[in-house]
Structure formats: structure tokens, C-alpha cells
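See below for the structure under consideration.
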Amino acid sequence: PDWTGRSNKNDDSSRTISVDLPIRSLVDLINKHPRYATTSSCSGRIALFHPNNSDDSGKGGGKWLIAAHRRITLTELIDALDSVLRVDEGSCHHETTTMMFKHEPMLLHVACASHHDAALLLRIGTMSGTLRESGAMITEKRVTVALRGHALALTVPLAARGPLRPSEEYLEMLVNEANDRFEKNENRMLNLYEGIENELFTGEYRHLLQCASKTVKGIVNSFPSLDIWGHAAVVVPISFDNESSSFVDDIDVLVFGGYGSGPGMSKQKKKYCRLSSVYGIRRRKGIWDEKWAERNELTLEEHCSKRKIMEGKVILPPLQGHKACLLPVARCAHNDPIVAIFGGRAGPARPFSTLFLYYPTLSCDFFEPKVVGPPPTPRWGHTFTALPGHDDNVAIVVGGRNEKEALSSVYLLSRITKFGEADEYAWQSLDIGRPLFYHSAVLQPNAGSVLDRIVIFGGLANASSIVQPAKCLSMTSSIQITNAGKEIKWVEHGGSFPKDGFFASSAASISTIHSRTRSIIVSGGAPIQHELTNTNEALPIRIYECCSDNKVSACKVDLHPCHSDLAVNFGSMAHHEMLFVESGIDGDRSAKSCDILLLGGGVDSFAFGPSFSSCYSVSLEGLDDDIINEKKLMKHCKRSVQQVMMEKGSSKDVKKNDKPNDACAETDVIYVASKDAKCLKMALESASYLDKRYRMKKADKNTPNSESCSCIAVPITKSCVEEVVNADGEKPIWYEKYALAFGKEVAPFSTVVLGSLKQRKS
């Protein structure tokens, strides 16, 4: 079948111009299989629809007062109902209009290559008994399977005022019921993902879940020194310029506490101790500050307003071994960044269990929030990882140690948002039965899976003395959070995740809205030599690509200093912090570069004193061919189809319906017969040659092939042009088999790019 026979007039007819985030993993998984392709999808949603004198379907009329692909709060529903009253204060016409409050479960349409493939997918969808309303539609063009289940659907009439405006207690029960159904809907998507992965990707298709072999080049540059280890660090985005209404490449990097002298101290005046200072360094328009500065020395006009946030100002004590993370802010009482700091120790036998909050754009002070429930026991050497904010779960504490033993407890931090009041927080505890500390942890970048997975690398299992070596945990494990935090389980991964036998390392994830490539980076740490099995594991930077939700593959890493005079030494890089920062888009830097910062670190020595690691910035090239320089894309968007054709000297061949638009740009393509388009796409994707910024399209009449009217133009990367198309010697088998010609086409942007551009414009 012809998978790509779609109109070029619209790239995506959905409201969001992109695949719903919660179902993106499932959609990507299905589209990896050469015999299946998704045609439409919805992850499920909770909605409130106002008909506005139209029908109640929501198609082409009315207004969605709520359309959330997540759980909602009672406050959101009440505000949506009251918004009708605020808009029509002078009229009572809409106050009693019947609105529809809905929970709509997931829906997925999949085109199948044959009746047999459709039957297999239907069996997977219905074998759990939850998607019982699924079925197949057979036409001359294709066989399509609709995966759906209406058992979780909910529709309740409401009004802003009158008999259909129930009490607040009823509305709260209604919100709880919709949220419960949304949780069950998420579990269905998770079960469907696992069923498709286990049933469809077997035999000859098993290799499709493997990542293509990838070599990442790391360009190492110097960065202002810290002379601190055992500290905590976060990246704070300062990313929007209200005056120019454009994206600005501005961030702050903040470092809290730690052990050492701090930056800027001369060798004669250095004094090593635990610190309570906050150090900051800024990037403005792609340029970093030349040195670190104490936070209270930074420009107040840029960072601190005089407005007080709340009562309860406290002082951060001198700490070492604590952790910090930037909490999600999408559903806070305000949209300002919040840094949370937990744990640490002020002495060998003085661990802390206090939760501190720091508002970097509102105040230069620390606060202790109101916390419900017993806090975690005092500890250091733990991890404190931010979560996406599903169900108001904002962070998780894993492991750690106290003065006597390693700890096996896990604590989930959730936010309790009260309308018009300061947020409160609550702790939920769980014992995983696996003591560990000095490990690294990172939220797996799953681009929309319905579970939160915290991947655990290395660490120590017992708090032994300095003369007794501790047991090192080399097996990569994870903690999986589902059902709004009601289910948390420990999973040990065998061959699906690489081993990383280090302790005191640091980890970060790379996943942006510009790309679907998802990677985890682990840096530094102290190795247990006999635990290392290959050269990649011994590198100071280890990169793992997430091929799917359940499969991670190691990348080859090739590190080089930015110039020959730079002496790079990673020898003391333990108890440090590694942060991912998106590359600047306003400069001339490569769109294919990701940056990480390696900050501080060191080891102690009773004989020679502490040794501190230098700080570095590392640009990773080749990790992600799909990260997009948006400024260049916006320039491309301004070029119309007519302009491109005129440049090619063929303006007379432009079709009448090829009107100027902001949804396409010229790119390199390979022409392929319609029947072979999906096979070529899969081959290009496996070799990392598919340019995912664009969609495939039907070839124009002015292509170099005489049968172009029945051809498909498949977008390819520059590396494909250089290494395959223009390269001498033998071509790959897939190129010889499927490629008809090479050329350039004005191709439509992918839904991911369009969604990103729409967000920036709005």
C-alpha cells in the first residue's frame, strides 16, 4: 500500500499540530514496523466543551474550555465554568447553556499492509479485554484497524449557572472520577505498548528495536573553575524576551553549597570547608560569563524583584552531599522557576532531612514550605530527581546513607496546589529493599510514555569503612512510577540496559521538543576496575541512546580538546554535577550540537589534602541529527513555494494549489516508487540518514525521473548526501534496490517542527 499518499495542503489537522505527548512513544513504536503506519491518534483527554450555538461534537464550532491530555484539578473545572460568567456579565444567554464535561479514552487508527497484519494487531488490542470496541475497516486503498474502547468514556452535562451547576462536592467527585478513568486509560496504553513490542517485533523485525551504531564526537572546552565537590547544581531557563517577543538563548546555572574553597580564591587564601553559598554563572545571547559570582552579587534588576513570596525565610546551612532539582511549574500557583534542595550533611554525623525551596527569579532567599506527612530520614549521597509533574508528583528521592548505614527507602514528593494560596508539599514513602548510595539517577526521556522511569546507574550498596571496599552495583536498574504514584516498583535490567559500574558519577538526559532522539549521559565517577567489560565503560563520558522505552544502546564516544593547548584531565571528576544545556539558536553554532557542563568534583586525601576537578563544557556532535536551529527554520518558512521554483528556473510548473505557506522548505530527497517508500524510509532511519524535520511527499512533476508522478520524495540528511549519494565506490544495498534518483524538493515540515514553531510564535 501507499503509506504516503497524503495531501500536501495540510500537515496535521489536529488542534495541537502534533501527536499527543502521552501517546507519542506508542505511535513511534508502531511506525517503526514496516507493515504498519498510524494515520491518526488521540491519547485520551478530559474536556469541557461549550457548544456556542453549534452542535455538541466540537467539530468546526463551539469552544473547548478544557482540553487536557492529563489529569485536572477541581480548581481548573470551577475556573472554566466561571469563565463563561465573566465573559457574558451583561447577558444571561450563556449562563444556562448546556456544556459537556467529558473523559474520552485513547483512539488509534493504524493502516496495515494486509488482512493478516490487521488480524494480528486486533488480537493484541483485544486480548486484554479492554479495547473491545476495536475493529477493522477494509477499503480499496488500505486496511485500517481502529484501536478503541468506550468503557472508560464519560459524558456529563454541566452549566455555568442553574439546575445543571452542581455543588462543589459533586464537581470534586466528578473530577476524581474523570482522573481515575484517565489513569486506567494510561494503563491501557502501557499494556498495548508492551503487547505490540512483544508480539510484532519478533523474528526478522527484532532488529528494528535496536539503535543504529552511532559515534558521538565531543569537543571539550574549558569552563570557569569551582573548586567544590559534593555540591548541587541546576539550570534555570531565562528564555523569552518580552520586548522582541522571541526566543532568547539565556540561562542561569546555579551551584548550591558543597565542600571546598569556592571559585575566585587565590591559592594563598584558600580555605576548605563546607559551604552555604550560592554561586551563579550566566549565558546571555550565547555568551557565558567569564567567572562565577556569588548569588547576592548578581544584578538584582535581572534576577531578584523586591516582591516577597511567602513568610518563612530561612538560611541554607553549610552542606555537602545534598541534591537539587528544578521542579515542574506548569501547574503551580505561579509560573516562576522553583529550585528544590534536599538532604546533605553539615558534618560526618550530622545529616539533614530538610526540604528547602529557592525562587531564582523572584527572591535571593531560601524558604521552608509547609510539608504534609513524615519527611524522609536524614541522609546524604542520595539522588533527588525532578518528575514531569503528572498528578502533581514533582520529584523523587532515592537511597542515600546516614552515619551508620546505606538506605533503601524511596520518597515521592507531590505538590498540593491551593487556589490563591502558597503551595504545600507531601511525602510518600516506599522501601525498595535495595540499599544504595553515591549512585546516579535520571528520568528516562521517553517522549510520552505513560510511566515515569528513573534509571539508576552504579552506586554503592553498603556503608563500609575506608579500609573495607564497598560492594558496587554494576547492574543498571530503574524505578517505575505508574498510577499517579500509587504503584512504584524496582526493576533490574539485564541485556536491555548497559552496565555502568561507577559510583559518585552524575547523569543527565537529553530530550527536546525539537527532536525524537532520546539519550542518557553518565559522566565521571570512581570505577570498580573488575566491573568494567569494555572500553566504552571506562570513558569519562558514557552515552546511551534510548531506542525504545525498554531498550537502551551504548554509543561510541570520541573526545577531543577544542585546541591543542587545552590540557584535559578528568582524573578527579567524582561527586560532581553534570548538566544538559540546549545549544544557542541565535548564533552561528551548529544545529546538530548538544552541550553538557561538567561542574566541579573532587576527592579527599588525608595525606595530600583535597583534589578538585576542573570544569568543562562539552559540545556533542552527531548525537542528534534532528535538533533544529529554529532561527534558520523560520527563515525557510518565509520562502514560498513559488520563490523556490523560480530559483530553480521552473516557476511555470508551479501548481495553482501550491500557495505560499509557513509549513515547508527545500531539502535534499531521494525519489522512490510509492510501493517501496516505507521500506526505504525504514532503511534510512536505521542508518540515521532520514531527515525527520520533514515529511515524505508525492514528487513534483519537475523531478529528474520520468515517472515522477508515481514517486515519493523521501527527505534525507546532509550526511546521507555526502556519505552515500555523492560518495565514490559501492552503494548500500538499500540505495541500489530502492533509490530512483536524487534531487531537491519543497517538503512539508514534520508535526514536531510545526508544533514547535507554533509554540514559539504564540
Side-chain angles (χ1 to χ4, degrees), residues 1-6 19-20 22-44 105-152 184-211 446-451 495-496 516 546-551 674-686 690 696 712 734 738:
D2 178 8
W3 303 117
T4 57
R6 299 170 180 171
V19 178
D20 297 338
I23 204 172
R24 187 175 294 174
S25 290
L26 180 57
V27 169
D28 288 346
L29 178 69
I30 293 173
N31 287 328
K32 283 184 177 180
H33 202 290
R35 301 192 67 80
Y36 299 93
T38 59
T39 59
S40 65
S41 64
C42 178
S43 64
M106 64 157 287
L107 174 63
L108 187 61
H109 289 102
V110 183
C112 308
S114 70
H115 296 71
H116 173 76
D117 296 313
L120 180 58
L121 183 59
L122 270 176
R123 183 179 66 81
I124 296 171
T126 58
M127 62 182 176
S128 61
T130 55
L131 300 176
R132 290 174 299 208
E133 288 76 24
S134 299
M137 181 174 62
I138 303 173
T139 65
E140 294 181 358
K141 188 175 183 180
R142 62 168 65 100
V143 178
T144 304
V145 168
L147 296 171
R148 59 193 174 193
H150 293 304
L152 296 179
K184 295 176 182 177
N185 180 70
E186 285 184 328
N187 289 331
R188 289 186 176 184
M189 283 193 288
L190 180 60
N191 293 336
L192 183 59
Y193 185 100
E194 293 176 348
I196 289 175
E197 188 176 51
N198 294 331
E199 296 288 333
L200 295 186
F201 290 88
T202 58
E204 62 178 309
Y205 302 115
R206 187 183 302 276
H207 72 282
L208 296 175
L209 292 182
Q210 306 294 326
C211 294
N446 49 30
S449 179
V450 297
L451 62 82
S496 60
R516 295 192 180 186
C546 302
C547 312
S548 68
D549 282 4
N550 300 313
K551 179 65 179 177
S674 298
K675 62 182 180 64
D676 296 327
K678 189 66 182 281
C679 295
L680 177 62
K681 177 187 174 184
M682 298 301 299
L684 288 168
E685 193 167 19
S686 297
L690 182 69
M696 295 189 294
I712 299 297
W734 53 263
Y738 300 121

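Nothing fancy with the numbering, it's 1 onward along the sequence. This is a predicted model, so every value here is computed, not measured. Only heavy atoms go into these numbers, but all of them, side chains included; no hydrogens, no water, no symmetry mates.
Atom NE2 of residue H150 and atom OG of residue S134 lie 9.0 Å apart, to the nearest 0.5 angstrom. Of the inter-residue distances, the one linking C679 atom SG with Y738 atom OH reads 4.0 Å to the nearest 0.5 angstrom. We find the CG-CG distance between L121 and L147 to be 5.0 Å, quoted to the nearest 0.5 Å. Atom CD of residue E197 and atom CD1 of residue I30 lie 12.0 Å apart, to the nearest 0.5 angstrom. From D28, atom CG reaches atom OH of Y193 across 8.5 Å, with rounding to the nearest 0.5 Å. Rounded to the nearest 0.5 angstrom, L29 CG and I196 CD1 are separated by 6.0 Å.
Counting all heavy atoms, side chain and backbone alike, P34 lies closest to Y205 at CG-CE2, 3.6 Å. Across every non-hydrogen atom of L131 and G149, the tightest pair is CD2-N, 3.9 Å. Considering all non-hydrogen atoms of both residues, H109 and S40 come closest at ND1-OG, 2.8 Å. For the residue pair S114 and R35, the shortest heavy atom distance occurs at OG-NH2, 3.7 Å. For the residue pair N31 and K678, the shortest heavy atom distance occurs at O-CE, 3.8 Å. Taking every heavy atom of both residues into account, M127 and G195 meet most closely at CE-CA, 4.2 Å.
When side chains are defined from C-beta on, R188 counts as touching L152, because their heavy atoms get closer than 4.5 Å. Contact annotation: the side chain of L120 approaches that of Y36 to within less than 4.5 Å [non-hydrogen atoms, C-beta and beyond]. T139 places none of its side-chain heavy atoms less than 4.5 Å from the side chain of T144. Residues V27 and L108 meet the side-chain proximity criterion, which asks for heavy atoms closer than 4.5 Å. The side-chain heavy atoms of I712 and K681, taken from C-beta on, include no pair separated by under 4.5 Å.
Side-chain atoms of N185 come within 3.5 Å of backbone atoms of M106 as a donor-acceptor pair (strictly under, hydrogens ignored). Using modelled atom types, no side-chain atom of R148 and backbone atom of L107 make a donor-acceptor pair closer than 3.5 Å. D20 places a side-chain N or O within 3.5 Å of a backbone atom of S43 that can act as its donor or acceptor partner.
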